[in-house]
Amino acid sequence: MSHFDSETAARARELVALYPERRSALIPLCHLAQEQDGWLRPEAMEEIASIVGVTPAEVRGTATFYDMLRTQPVGRYLVSVCTNIACLLGGAEELLEHAEHTLGVRAGGTTSDGTITLEDAECLADCDRTPCVAVNHRYVGGLTPDAFDQLVADLRAGRRDGEIPPHGTLGRVRRNGGLRVPVEQVARERAAAAEARAAREQAAREQAARAQAAEGPGAAKSQGAGA
Amino acid sequence: MPVTDAPRIVTARLVYDDSYTLERYLATGGYEGLRKALSMTPEAVSAEVDTASLLGRGGAGFPAGRKWSMLRKDPVTYLVVNGDESEPATFKDHLLMERDPHQLVEGVLIAAYALQVTEAFIYIRGEFALGLDRVTQALNEAYDYGAAGSDIFGSGFSVDVVVHPGAGAYICGEETALLESLEGKRGFPRIKPPFFPAAIGLYGQPTVVNNVETMSNLPWIVLHGGKEFAGLGEGRSAGTRLFALSGHVRRPGTYEVEMVKTTFRDLVYAPVYGGGVPGDRDVKAIIPGGVSAPWFGPERLDLPLGQDEVGNAGSMLGSGAITVMDSSTCVVRAAWRITKFFARESCGQCTPCREGSGWLERVLRRIEQGEGREDDVDLLLDVSDNISPGLQWPPQQTTICVLGPSIPSSIHSAIDMFRDELLQHVKEGRCPFD
Ligand SMILES: Cc1cc2nc3c(=O)[nH]c(=O)nc-3n(C[C@H](O)[C@H](O)[C@H](O)COP(=O)(O)O)c2cc1C
Ligand code: SF4
Ligand code: FES
C-alpha cells in the first residue's frame with residue numbers, strides 16, 4: 001500500500017531519476033511528502049525509505065537535521081518573523097512580541113484552530129525590508145504591527161491563497177522532463193566512476209592496514225587522540 | 001551617479017520587470033556567451049576565467065580559474081553551484097536567482113563546458129520558494145531552447161543540470177556539508193584533508209563548488225574577455241561585486257559596485273547607494289562581510305572594498321553583506337543575536353563549536369538582561385579563545401569547518417571596541433539602551 005497518491009508517486013519516480021544515486025532524492029522527496037500531507041508523516045518517511053533504499057530511521061535522522069522538514073504537524077500557514085541582525089536593527093523583537101500577542105501563542109507554537117504556526121526565524125535573505133516576514137516561505141515584506149494584524153486577518157479569510165499555497169508546497173514549477181544526456185553515456189561514466197572509487201577505497205584500506213601493521217597496536221589509539 | 005562608471009555586469013537586466021523571462025534574456029544578449037564558449041576549446045574558456053581574476057563570491061574569495069585548474073582528472077567530475085545563501089544579512093544570490101535566472105543557468109552551462117562535466121547541480125536554499133520556481137522555469141526554457149541537455153546548440157557537448165532544494169540549515173552553505181546534503185544526508189561538514197571537493201567531492205568524485213554570483217559573472221566574462229573584466233577593480237580584486245547593504249541606512253539594498261574603486265563610505269553615504277544614516281546619527285560600527293566577520297569602527301569607512309584591503313585591515317568581505325549599526329545600537333544585543341544564530345546552526349560535530357556557542361550565547365544574554373557578572377567579559381574571551389586559539393585574524397581552527405572559529409568575531413569586536421558598554425551593562429544591572 002502506497003502512502004503517496006498516484007500523482008505524488010509519479011513525481012517521486014521523476015525525482016529519483018535525476019540523480020546518480022537514489023539517496024540524493026531523499027530531501028526532495030521529503031518536500032514532496034510535505035506538499036501532499038502538509039508535514040512529514042511517519043508513513044511518508046517509511047515510503048521514502050523504501051524508495052531511496054535506506055531505513056525509515058535514516059530518513060527521520062536526516063529530516064530532523066533540517067528546519068523545514070517537520071516531523072510534527074504545523075499550521076496551514078507557517079509565519080516566519082526574522083529576528084537576525086538586520087531585522088533586529090529594524091525592530092524585529094518588537095514585531096515578534098506583537099505577533100505572539102496577536103496570535104496568542106509563543107514563537108514555535110500553533111494557534112488553537114491549527115491555522116497559523118509562528119516562528120522566530122533566522123535570516124530569510126530579504127534584509128532590506130525589515131523586519132522581514134515570510135509565510136510558507138513567500139516574502140510578504142517588512143511589516144509594521146498593524147500590517148501584521150492585517151496579514152493575519154487576510155490569511156484567516158483566505159484572501160492571500162493565490163500567492164501563498166498551504167504549508168509544504170515549495171516550488172510550483174515542475175521540471176519538464178528528465179535527464180537528456182544519453183543514458184548509455186551516463187551509465188558508462190558512472191560505471192567507470194564506481195570502479196575508480198572502489199579502487200581508491202581498496203587502496204586506502206590497504207594503506208591503513210599497512211600503517212597499522214608497521215606501527216603496532218598503539219598506533220590506532222594515538223591516531224584517535226589526534227583527530 | 002554611481003561612484004565609478006564601471007558597467008553593470010550581473011545586474012544590468014534588473015531594470016526590467018520581466019528580467020527573468022527567456023524573451024527578455026534573448027533580447028539582451030542572452031546565451032551569446034554560451035555560444036561563444038562552445039566555439040572555443042574548454043581550455044580557452046578556463047583561460048579567460050583565469051585571466052579575469054574572478055574571485056569566488058561565496059565567502060572565501062578563492063580565484064575561480066585556479067579552483068577549476070585544481071580539479072583532479074577523472075572520467076566523471078561534477079559541478080555544484082552553491083545557492084544556499086544563508087549568511088545573515090546576505091541577500092544578493094537570491095536576487096540573481098529570482099530576477100536573472102537565465103544568466104545563472106548560462107553561467108552554469110559555460111562552466112560545465114569548460115570543466116567538461118555531464119551533470120551539474122544547482123543547490124538552492126530551501127526557503128527560496130520563488131528562486132526555486134524561477135530557476136526551474138529558466139532551466140525548462142533553456143532545455144527547450146536547445147541551450148541545455150544533449151548536443152547543445154549542435155556543438156556535440158551535452159550536460160544535464162538539476163535544481164536541488166535544500167531544507168533549512170545554514171551549515172549546508174559550507175561546501176562539504178552541501179555535498180553531504182546533496183547526497184541525501186545530514187549537513188555535516190567533511191574533514192579536509194582528505195575531503196577537498198576538487199579531489200573527493202560529490203559521490204567521491206572530483207567536484208567544483210562555486211557560488212551563484214561567481215557563476216553569474218561568466219556570460220559577461222566570456223563575451224567581453226577576461227582582460228576587460230580584469231581591467232575593472234584593482235589587483236586581484238577584479239570586476240564588480242554585489243554588496244548587500246543593510247541595517248541603519250536610508251536605502252538598504254543590493255548594489256553592484258566596482259571593486260577597490262569604491263569605499264565603505266561611498267556605499268553607506270552616496271545617494272545612489274545607502275544614502276546615509278537615518279536621523280543623521282553617527283555610525284557606531286559596521287559588519288563588513290557577514291556576521292562571521294570582525295567589525296570595523298567608523299575610522300575604517302574610507303577603506304576600499306577590495307579583498308586584500310579589507311583582509312589586511314583585520315576582517316573580510318566574506319559574503320558581501322555589509323551591515324551598518326548607528327549610535328542607537330546596543331552592541332551587546334547585536335553580538336548576542338549573532339551568537340544565538342551560531343548556537344542554533346552549529347552542526348554539533350565539534351565540541352568547541354557546539355558547547356562554546358551555547359555558553360557564549362547564555363553569557364551574552366545575561367549581560368544584556370542586566371544579570372552579568374564582574375568577570376563575564378573575561379569569561380567570554382576565555383571561551384572564545386578555546387574555540388579559536390589566540391583570537392587572531394584569520395582565525396586559528398580547531399574544528400572541522402570554519403563556522404566554529406567565526407563565532408568569536410562579533411564578540412571579540414564588541415569587547416575590543418566597546419568594552420565600557422559591556423561593563424556598563426554589568427555595573428548598572430540593565431541595558432542602557434532600554
Ligand atoms: C559556515 C559556512 C557557510 C557558508 N555559506 C555559504 C553560502 O551560503 N553560499 C556560498 O556560496 N558559500 C558559502 N560558504 C562558502 C563555501 O564553503 C564555498 O567556499 C563557496 O561556495 C565556494 O564558491 P566560490 O569559490 O564561488 O565562492 C560557506 C562557508 C561556511 C564555512
Ligand atoms: S565547526 Fe561547528 S558547524 Fe563546523 S563542523 Fe564543527 S560543529 Fe559543525
Ligand atoms: S536579517 Fe532578517 S531577513 Fe536577513
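Chain naming here is simple, since letters A, B, ... match the order of the sequence lines and numbering starts at 1 in each. Note that these values count all heavy atoms, side chains included, but never hydrogens, waters or copies made by symmetry. Since this is a predicted model, take the numbers as computed values, not measurements.
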At a 4.5 Å cut-off on heavy atoms, which part of B:Val249 comes close to chain A: side chain, backbone, both, or neither? neither
Evaluate the side-chain proximity of B:Tyr203 to A:Ser24: yes if any heavy-atom separation is below 4.5 Å, no if none is. yes
Would you mind checking which part of A:Glu58 comes under 4.5 Å of any heavy atom in chain B, side chain (CB onward), backbone (N, CA, C, O), both or neither? neither
Given that the side chain runs from C-beta out, which part of A:Ala121 has a heavy atom under 4.5 Å from chain B: side chain, backbone, both or neither? backbone
Among B:Gly149, B:Pro194, B:Pro165, B:Gly168, which residue forms the greatest number of heavy-atom pairs with chain A at distances under 4.5 Å? B:Gly168
Count the heavy-atom pairs under 4.5 Å between each of B:Thr118, B:Leu132, B:Leu130, B:Leu245 and chain A, then report the option with the highest count. B:Thr118
So, do A:Asp126 and B:His94 sit near enough that their side-chain heavy atoms are less than 4.5 Å apart? yes
Examine whether an atom of A:Thr169 lies under 4.5 Å from a heavy atom of chain B, and if so say whether it belongs to the side chain, the backbone or both; otherwise answer neither. neither
SB check B:Arg344 A:Asp67 (cutoff 4.0 Å): no
Looking at A:Arg174, is its backbone amide N or carbonyl O close enough to the side chain of B:Asn140 to form a donor-acceptor pair, meaning the two atoms are under 3.5 Å apart? yes
Name the option with the most non-hydrogen atom pairs under 4.5 Å to chain B; the candidates are A:Gly61, A:Ala86, A:Pro182, A:Ala25. A:Gly61
Under 4.5 Å from a heavy atom of chain A, the part of B:Ile171 involved: side chain
Verify the neighbour count for atom CD of A:Glu206: are there more than 12 heavy atoms of other residues, nucleotides or ligands below 6.0 Å? yes
Does atom CD of A:Gln207 have more than 12 heavy-atom neighbours from other groups under 6.0 Å away? no
Under 4.5 Å from any heavy atom of chain A - which part of B:Asp144: side chain
Chain A heavy atoms under 4.5 Å from B:Glu98: which part of the residue, side chain, backbone, both or neither? side chain
Engaged part of B:Thr90 at the chain A interface, taking heavy atoms whose separation is under 4.5 Å: backbone
For A:Met68 and B:Glu127, what are the C-alpha separation, side-chain angles and deciding distance, and is it a side chain to side chain contact (heavy atoms under 4.5 Å, CB included)? CA-CA 8 Å; A:Met68 291 176 73; B:Glu127 286 91 341; 3.7 Å; yes
Bottom line for B:Ile287: the part with an atom under 4.5 Å from chain A's heavy atoms is side chain
Measure distances from B:Val162 to the heavy atoms of chain A and classify the residue's part below 4.5 Å as side chain, backbone, both or neither. both
Tell me if the CD atom of B:Gln116 is crowded by more than 12 foreign heavy atoms within 6.0 Å. yes
For each of A:Leu124, A:Val59, A:Asn136, tally heavy-atom pairs with chain B at distances under 4.5 Å, and name the one with the top tally. A:Leu124
Here the pair of heavy atoms bringing A:Ile27 nearest to B:Ala167 is CG2-CB, 3.8 Å
What pair of heavy atoms forms the shortest contact from A:Pro20 to B:Phe121, and how long is it? CD-CZ, 3.9 Å
Under 4.5 Å to a heavy atom of chain B? For A:Arg175 that would be both
For B:Leu139, which atoms come within 4.5 Å of any heavy atom of chain A: side chain, backbone, both, or neither? side chain
Could you tell me which portion of B:Cys172 (side chain, backbone, both or neither) has an atom closer than 4.5 angstrom to a non-hydrogen atom of chain A? side chain
Chain A contacts, top residue of B:Ala244, B:Gly131, B:Gly166 (heavy-atom pairs, under 4.5 Å): B:Gly166
Please name the pair of heavy atoms, one in A:Tyr19 and one in B:His164, separated by the smallest distance, quoted to 0.1 Å. OH-ND1, 2.7 Å
Whether B:Arg337 and A:Glu122 form a salt bridge (side-chain N of Lys/Arg under 4.0 Å from carboxylate O of Asp/Glu) is what I want to check. yes
Which atom names give the shortest non-hydrogen contact between B:Glu85 and A:Ala125, and what distance separates them? OE1-CB, 4.2 Å
Search all heavy atoms of A:Leu89 against all heavy atoms of B:Val324 and return the closest pair with its distance. CD1-O, 3.6 Å
Scanning both residues in full, the closest heavy-atom pair of A:Cys123 with B:Pro88 reads CB-CA, 3.6 Å
Residue selection (most heavy-atom pairs with chain B, distance under 4.5 Å) from A:Thr62, A:Leu26, A:Leu15: A:Thr62
Just give me the residue among A:Gly178, A:Cys127, A:Ala63 that pairs up with chain B most often, heavy atom to heavy atom, under 4.5 Å. A:Cys127
Among the options B:Arg251, B:Arg333, B:Met325, pick out the one with the most heavy-atom pairs lying under 4.5 Å from chain A. B:Arg333
Distance col, row A:Leu179:CG vs B:Glu119:CD, nearest 0.5 angstrom, shows 5.0 Å
Side chain from CB out, backbone as N, CA, C, O: work out which of these in B:Phe128 comes under 4.5 Å of a heavy atom of chain A, or both, or neither. side chain
At a 4.5 Å cut-off on heavy atoms, which part of A:Leu88 comes close to chain B: side chain, backbone, both, or neither? side chain
By a 4.5 Å heavy-atom criterion (distance strictly below it), what part of B:Ser181 contacts chain A: side chain, backbone, both, or neither? both
Interatomic distance, A:Arg180 atom CZ to B:Ile152 atom CD1 [nearest 0.5 angstrom]: 11.5 Å
